[in-house]
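See structure below.
Proteins get letters first, then strands, A, B, ... in listed order; numbering begins at 1 in each. Quick caveat, the model's predicted, so the values are computed rather than measured.
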Protein chains: 2
Amino acid sequence: MKNKEIQEQRMRGYFLDAARELLKAEGLRSISVRSIAERAGYSYATLYSYFKDLNELIFLCVQDFYEECKSQVLQSVQRKEKGIRRLKASVRAYADFFIQYPGIFELFFIEKIGNATNKKQVLALIRHSLDNVCEEDWHYCMSQGLLPADSIGLMKSQLRHTVLGLLLLYLHRDVPASYADFVSQLNIAVNAIVDDTFSGAATATKQTTVNNALISVRIGNNK
Amino acid sequence: MKNKEIQEQRMRGYFLDAARELLKAEGLRSISVRSIAERAGYSYATLYSYFKDLNELIFLCVQDFYEECKSQVLQSVQRKEKGIRRLKASVRAYADFFIQYPGIFELFFIEKIGNATNKKQVLALIRHSLDNVCEEDWHYCMSQGLLPADSIGLMKSQLRHTVLGLLLLYLHRDVPASYADFVSQLNIAVNAIVDDTFSGAATATKQTTVNNALISVRIGNNK
DNA sequence: TGTATTATTTTAACGATGTTAATTATATTT
DNA sequence: AAATATAATTAACATCGTTAAAATAATACA
């Protein structure tokens, strides 16, 4: 009974394709069981023969969108030389992807995910999407000693949260007012994180490059 | 005809109170014209005699919630001495407010605001909420030279975006898994921004102006 | 005070939404 | 070709925001 599976997967594909097209073109707000089914060429109730509910269907789009995001980022930096400049460009390209498709941003970071069968995997994919998209850059910078290894974890977190906050404010709160200002703010933030995080340690690391214990001294005050 | 205005304001208050209670207790998801009206003790259609639509009503709650947020932050740090430690505590208290009321977080940063009469003011209030809540701390740190004046703008942006990204991931993507981990990540992020942003300048300032300096040494290796 | 007018509140209704049950159409098997 | 299993569609329900019509309450005037 292999035919059954093939046909079922094909049917799921029709609905998934329709959902993805709608999501990219119209965003999450204007997606519905009926709009998806109409685009797929079936009645709305047919959808429930192939998916548990609408939530499961739309979160099955995440994997595909992630791959599209990754390939778009890789393509936008493929001509650049590896290094910190390319790392920064990858982060910018990642942000640009969500500017281009605000509906995918909402799907990735806003829409509550109910009880999808693979909820944990989807969450992990989303959580590490920026890190994974920049994987090559991180690996290169670390192996070449361009960045101190023990601060890379912090830098990844900082970038993740900063990009997320910037995108949320721009897409949902019109801050800043123009795309040019958004790019400007993003650049400033990325530079501050990559160039200035543990800047003392970073400088030292550059000088001695690799293989030695890295000591970073942080000075705070308790008053 | 002053009575007319008084009575109208009172009526609006009934609905606003109901909306605020629901928002704090149940969140944005379970708020509706009918649930608000029921709690206010009127029929659902009566709401439209006092508000243009549901959007206008719920965004009129923002002002009130902002003030509640501010007073809660101020109260939580009122016993602390002014300075960088209190600044950090204010940021944490700000984040805690939204952890306590996830519905208010969604209202402030996620829910699309349509065409409210005072849309611009509401957006400005939201955009600067963290800065304003910490206003006293920023002013003190700057006037005392605890922080370099020319990096405060960057620090504010960094804090705003980082706190927003952290909250979004924690409230909507279960990352990190526990509240304790969230607080830990928030502390790391805040420390990195406040202590290490332009660390050269910041360090110099600290050494000359602060009584006791706490030096923490972190040792890692990079291979 | 009793009626006419105005203001206020409620009920009915519309078009969408997600989802399920009943019904029809299609394909498979005997 | 008839009986059965599978797939797809229509009907229906409860919810949502919103508007129009109906009912109630308050006020003004005689």
(message) For the aromatic rings, using the six-membered ring if either is Trp, is the centroid distance between A:Phe105 and A:Tyr101 under 6.0 Å?
(response)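 No, too far apart.
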
From C-beta outward on [X], which listed nucleotide comes closest to its side chain: [options]?
{"X": "B:Leu54", "options": "C:dT9, D:dT18, D:dC16", "answer": "D:dT18"}
{"X": "B:Ala45", "options": "D:dA8, C:dT9, C:dT10", "answer": "C:dT10"}
{"X": "A:Tyr48", "options": "C:dT19, D:dT9, D:dC16", "answer": "C:dT19"}

(request) Respond yes when some side-chain nitrogen or oxygen of B:Thr46 is under 4.0 Å from OP1 or OP2 of C:dT10, and no when none is. (result)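 So the side-chain polar atoms of B:Thr46 do come within 4.0 Å of the phosphate oxygens OP1 or OP2 of C:dT10, strictly under.
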
Whole Å only: how far is the [atom1] atom of [X] from the [atom2] atom of [N]?
{"X": "A:Lys52", "N": "C:dT20", "atom1": "NZ", "atom2": "P", "value": "10 Å"}
{"X": "A:Ile36", "N": "C:dT19", "atom1": "CD1", "atom2": "P", "value": "10 Å"}
{"X": "A:Glu38", "N": "D:dA8", "atom1": "CD", "atom2": "C1'", "value": "16 Å"}
{"X": "B:Arg34", "N": "D:dT19", "atom1": "CZ", "atom2": "P", "value": "13 Å"}
{"X": "B:Met11", "N": "C:dA7", "atom1": "CE", "atom2": "C1'", "value": "12 Å"}
{"X": "B:Phe51", "N": "D:dT19", "atom1": "CZ", "atom2": "P", "value": "15 Å"}
{"X": "A:Arg29", "N": "C:dT17", "atom1": "CZ", "atom2": "C1'", "value": "13 Å"}
{"X": "B:Asp53", "N": "D:dC16", "atom1": "CG", "atom2": "P", "value": "17 Å"}

Please work out if [X] contacts a base, only the sugar-phosphate, or nothing of the nucleic acid, heavy-atom cut-off 4.0 Å.
{"X": "B:Ser43", "value": "base"}
{"X": "B:Tyr50", "value": "sugar-phosphate"}
{"X": "B:Tyr44", "value": "base"}

Do the side chains of [X] and [Y] get close enough for a salt bridge, i.e. N-O under 4.0 angstrom?
{"X": "A:Asp131", "Y": "A:Lys156", "result": "no"}
{"X": "B:Arg39", "Y": "B:Glu21", "result": "yes"}
{"X": "A:Lys88", "Y": "A:Asp195", "result": "yes"}
{"X": "B:Glu106", "Y": "B:Arg29", "result": "no"}

(request) Have a look at the helix from C:dT1-D:dA30 to C:dT30-D:dA1 and give the angle its two end axes make, five pairs each, rounded to 10 degrees. (result)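 Its terminal axes enclose an angle near 30°.
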
(request) Find out whether the Lys NZ or Arg CZ of A:Arg12 is both under 6.0 angstrom from the six-membered ring centre of A:Tyr50 and within 45° of the ring's axis. (result)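 Cation-pi check for A:Arg12 and A:Tyr50: fails.
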
(message) Both B:Tyr42 and A:Ser30 contact DNA chain C. Taking the nearest nucleotide for each, which residue is further toward the 5' end?
(response)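 The answer here is B:Tyr42.
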
(message) Treating A:Ser35 as the side-chain partner and A:Ile31 as the backbone partner, does any N or O pair qualify as donor plus acceptor under 3.5 Å?
(response)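 Looks like no, no N/O pair under 3.5 Å.
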
